[in-house]
Amino acid sequence: MEGRRGNLTCIRAQQSGTKDGSLIANPTNNSVVEELKSKDWEIGALKDEIAATQGIRIRRRPPTGPPLHYVGPFEFRLQNEGNTPRNILEEIVWNKDTEVAQMKEKNPIFSLKKALENAPPPRDFLGALKASYLRTGLPALIAEVKKASPSKGVLREDFHPVEVAQAYEKGGAACLSVLTDSKYFQGSFENLEAIRNAGVKCPLLCKEFVVDAWQLYYARTKGADGVLLIAAVLPDIDIKYMLKICKMIGLTALVEVHDENEMDRMLAIDGIELIGINNRNLETFEVDIGNTKRLLEGKRGETIRQKDVLVVGESGLFTPADVAYVQEAGVKAVSGPFT
């Protein structure tokens with residue numbers, strides 16, 4: 001473990017020694033690039049080992065090493081089971097890891113911490129949900145500003161995020177969820193920022209695939225009041241660390257679970273106040289709203305009540321009867337465009 005930590009320090013030192021904090025692949029530095037990639041994958045493999053002990057099946061990176069190889073000036077990719085995603089969530093996570101690494105080069109953490117000074121003040125995301133539920137006696141609505149999804153494709157060609165957000169707010173939404181992933185959901189942080197700057201008063205959730213704490217700071221600088229953390233992707237140590245950062249910078253964490261193992265893991269972590277139960281299996285994309293009831297029965301439901309955790313029902317809620325079903329199970333908020 002200590003040796004691998006030393007490797008990480010060495011990697012950072014080598015990266016910071018370059019002119020712009022990055023390395024460009026060419027015939028003269030290919031060996032250095034390959035060495036850094038190998039060290040990086042070694043650390044990633046260690047994280048996956050830890051995650052596997054907690055029942056996490058989503059691999060954070062290809063386990064067989066860097067998929068890119070260099071021969072002179074040429075670059076090629078070897079395809080095999082070890083570097084081919086096994087499902088859509090794993091594909092998204094692998095893509096996100098690469099995307100975040102590139103974004104961090106352009107916006108290093110020290111610049112984000114400085115930008116936080118000028119960010120709009122955070123609003124009480126959890127408080128807005130509780131207030132709505134107490135006022136209406138019905139699950140509070142987290143309405144989703146989403147143009148597309150991997151399962152449904154483009155939901156709306158004529159998509160204007162600010163107009164959609166304003167309509168949701170006018171219609172009584174307690175909070176808004178804004179998709180910021182561009183490749184798979186055609187969202188953006190620019191959409192999030194535009195909605196906040198347009199004067200929408202509903203607290204905003206940055207709905208992103210978080211794999212790095214850097215994303216929390218970036219979301220807050222763009223006006224987010226809350227952020228999604230997915231238990232299927234993040235091991236407990238990452239969840240605990242990110243919860244501390246969220247509290248420090250004023251973000252509400254909506255921690256999403258899909259099955260009994262993930263629910264048990266999250267209920268064992270102190271500080272979680274908001275749990276979303278996703279009725280969609282993110283590996284097969286099949287939907288079953290009975291999943292919510294199963295996860296809120298028995299001792300789990302009692303623990304949730306004792307801890308005063310607010311539960312959000314997610315996915316597969318198409319009718320008032322569906323909403324009533326999950327409310328009876330213990331849900332006090334629902335999320336989505338319900339597609």
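- A salt bridge between K96 and E208 is present, with a side-chain N of the basic residue lying under 4.0 Å from a carboxylate O of the acidic one.
- Salt-bridge formation is not detected for the pair D259/R294: no Lys NZ or Arg NE/NH1/NH2 atom is positioned less than 4.0 Å from an Asp or Glu carboxylate oxygen.
- We find that K207 and E144 are joined by a salt bridge, their nearest charged nitrogen and carboxylate oxygen being less than 4.0 Å apart.
- For CD of Q186, the number of neighbouring non-hydrogen atoms (other residues, nucleotides, ligands) closer than 6.0 Å is greater than 12.
- With sequence neighbours excluded, the residues forming a ring-ring contact (aromatic ring centres under 6.0 Å, His included) with Y218 are F189, W214, listed by chain and number.
- Among L176, V145, L192, the single residue meeting the side-chain contact (heavy atoms from CB on, under 4.5 Å) criterion with P161 is V145.
- Of all the heavy atoms in Y217 and I109, the pair that sits closest is CD1-CD1, 3.3 Å.
- Other residues, nucleotides and ligands contribute more than 12 heavy atoms inside 6.0 Å of the CD1 atom of I269.
- Test L254, L234, I272, L251 against L229 for side-chain contact (heavy atoms from CB on, under 4.5 Å) and you get one pass: L234.
- Here K147 pairs with nothing under the salt bridge (Lys or Arg N to Asp or Glu O under 4.0 Å) rule; sequence neighbours left out.
- With D225 contributing its side chain and R123 its backbone, the two residues share a donor-acceptor pair below 3.5 Å.
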Quick one: do E302 and K299 satisfy salt bridge (charged side-chain N to carboxylate O under 4.0 Å, His left out)? Show the steps, please. CA-CA 5 Å; E302 183 59 32; K299 291 183 178 179; over 6 Å; no
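- With sequence neighbours left out, the ring-ring contact (aromatic ring centres under 6.0 Å, His included) criterion links Y133 to no other residue.
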